[in-house]
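Here is the structure we will look at.
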Amino acid sequence: MASDTHVFAAPPPGAAADWTIPQDWDRFSDAEHGVWDTLFERQSALLPGRASDAFLRGIDVLRLSRPGIPDFAELSARLMDLTGWQVVAVPGLVPDDVFFDHLANRRFVAGNFIRRADQLDYLQEPDVFHDVFGHVPMLADPVFADYMAAYGRGGLRALEYGSLKQLARLYWYTVEFGLIEEAGALRIYGAGIVSSASESRFALEDPSPNRIGFDLKRVMRTDYRIDDFQQNYFVIPSFDELLRVTVETDFAPLYAELATLPDIAIADILAEDRVITRGTQEYALARAAE
Ligand code: PHE
Ligand code: FE
């Protein structure tokens, strides 16, 4: 997830100045590896035909189907060959500037714990399954790998402009909850979706959420919810196009303009939106009535 809340103000004992810690892979118990395997099997059954080809290719080329929680050293060696990225362990959420600096230098920070067997469907903080299964396959795609590093540089810049809230929405609606149009159909690529059995179905098949064509400025004005399924998904036409529009746009004037515009409420649809599916919002309404 985006690191918009953080737990510690300085690296905790045992962490390096850049907040990384040894993964200490040997420490994981059989039961913990078993939780990974259960989650992996469940998602692998769901994702063909639902996840973007780039994501499925990443699972394959990184050999993520081998049993157990991946060893970051081995995973990083493969990833380094493909796109120059590494996976490093951190003790939990890290400060924004630390997070962005790692991304800008092609290091993806991953949680060093795994959820318990009785928490397969829901957890508050990103664990190694969300971080590695959800995020790392896309980092094997050269275009997406460039996007993530550019985002890190953009994050450091957003901090200077005081516009982190706007930039974080871009991360949320692409890296975490993005959809893509592929071969005339919608596919999922956001880590928050592909690592969740229920949201993998909901994002594509449920009548409740809106599915709207991606527009950079629009996305950066749109609120999001962190505690339930999204009511809004934004659909990119291709990873090339996502990279092109974000890299070619200077965000400084955009941040200045955004400061003059109202935020857009989560489920609102604007006249200029390219609406792919107008959601019924029935899921959100039912949850609100509970
Ligand atoms: N072009 C952006 C800027 O000027 C940086 C950025 C690139 C942000 C890619 C996000 C993704 O700040
Ligand atoms: Fe995440």
Side-chain angles (χ1 to χ4, degrees), residues 1-6 39 43 55 58 85 87-90 92-94 96-97 99-115 122-139 142-178 188-196 199-200 203 214-220 224-227 230 234 236 238-259:
M1 303 278 166
S3 63
D4 37 20
T5 44
H6 35 88
L39 290 165
Q43 290 314 99
F55 180 87
W85 275 78
V87 180
V88 294
V90 288
L93 294 173
V94 301
D96 297 314
D97 60 327
F99 178 69
F100 293 137
D101 189 67
H102 279 301
L103 291 184
N105 289 289
R106 295 188 177 245
R107 289 186 299 266
F108 191 76
V109 298
N112 204 23
F113 73 100
I114 190 149
R115 68 196 77 181
Y122 180 77
L123 80 167
Q124 217 133 41
E125 265 201 68
D127 71 343
V128 66
F129 188 76
H130 168 83
D131 283 334
V132 173
F133 183 91
H135 286 282
V136 174
M138 290 305 302
L139 295 174
V143 176
F144 203 80
D146 285 354
Y147 173 66
M148 288 290 278
Y151 184 91
R153 295 191 296 274
L156 294 170
R157 210 166 167 231
L159 287 175
E160 287 169 32
Y161 289 98
S163 299
L164 194 52
K165 184 172 169 189
Q166 285 66 36
L167 186 72
R169 290 167 171 162
L170 173 64
Y171 191 91
W172 191 262
Y173 282 119
T174 60
V175 178
E176 294 291 353
F177 291 98
I188 55 184
Y189 71 89
I193 312 178
V194 295
S195 61
S196 159
E199 196 149 359
S200 291
F214 179 88
D215 176 84
L216 182 61
K217 195 197 295 182
R218 202 286 190 204
V219 164
M220 291 172 82
Y224 58 81
R225 57 182 310 162
I226 61 168
D227 58 344
Q230 303 304 304
F234 290 96
I236 57 169
S238 67
F239 297 117
D240 283 316
E241 181 57 19
L242 174 64
L243 179 65
R244 192 193 62 75
V245 72
T246 51
V247 167
E248 287 181 3
T249 304
D250 179 357
F251 283 23
L254 191 54
Y255 292 143
E257 186 189 350
L258 289 169

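Just follow the structure's listing: the first ligand is 1, and inside any ligand the first atom is 1.
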field: Working for side chain to side chain donor-acceptor pair (under 3.5 Å), residues Thr174 and Tyr151
entry: CA-CA 11 Å; Thr174 60; Tyr151 184 91; over 6 Å; no

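Checked against a 6.0 Å centroid threshold, the rings of Tyr147 and Tyr171 do not count as neighbours.
Sorting the N, O or S atoms of His130 by how far they are from the Fe ion (ligand 2) puts NE2 first. The Fe ion (ligand 2) is closest to atom OE2 of Glu176 (considering only N, O or S atoms).
Here the side chain of Asn105 pairs no donor or acceptor atom with the backbone of Arg107 at under 3.5 angstrom. When atom types are taken as modelled, the side chain of Glu199 and the backbone of Val194 share no donor-acceptor pair closer than 3.5 angstrom.
The two atoms that bring Tyr255 and Gly154 nearest to each other are OH-O, 4.2 Å, heavy atoms only.
Here the side chains of Tyr189 and Phe239 are in contact, with some heavy-atom distance below 4.5 Å. Residues Met148 and Val175 have side chains in contact (heavy-atom distance under 4.5 Å, counting atoms from C-beta outward).
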N/O to N/O under 3.5 Å, ligand 1 against protein:
{"residue": "ligand 1", "atom": "1 (N)", "partner": "Thr246", "partner atom": "O", "Å": "2.7"}
{"residue": "ligand 1", "atom": "1 (N)", "partner": "Thr249", "partner atom": "O", "Å": "2.8"}
{"residue": "ligand 1", "atom": "4 (O)", "partner": "Arg157", "partner atom": "NH1", "Å": "2.4"}
{"residue": "ligand 1", "atom": "4 (O)", "partner": "Phe251", "partner atom": "N", "Å": "3.0"}
{"residue": "ligand 1", "atom": "12 (O)", "partner": "Arg157", "partner atom": "NH1", "Å": "3.1"}

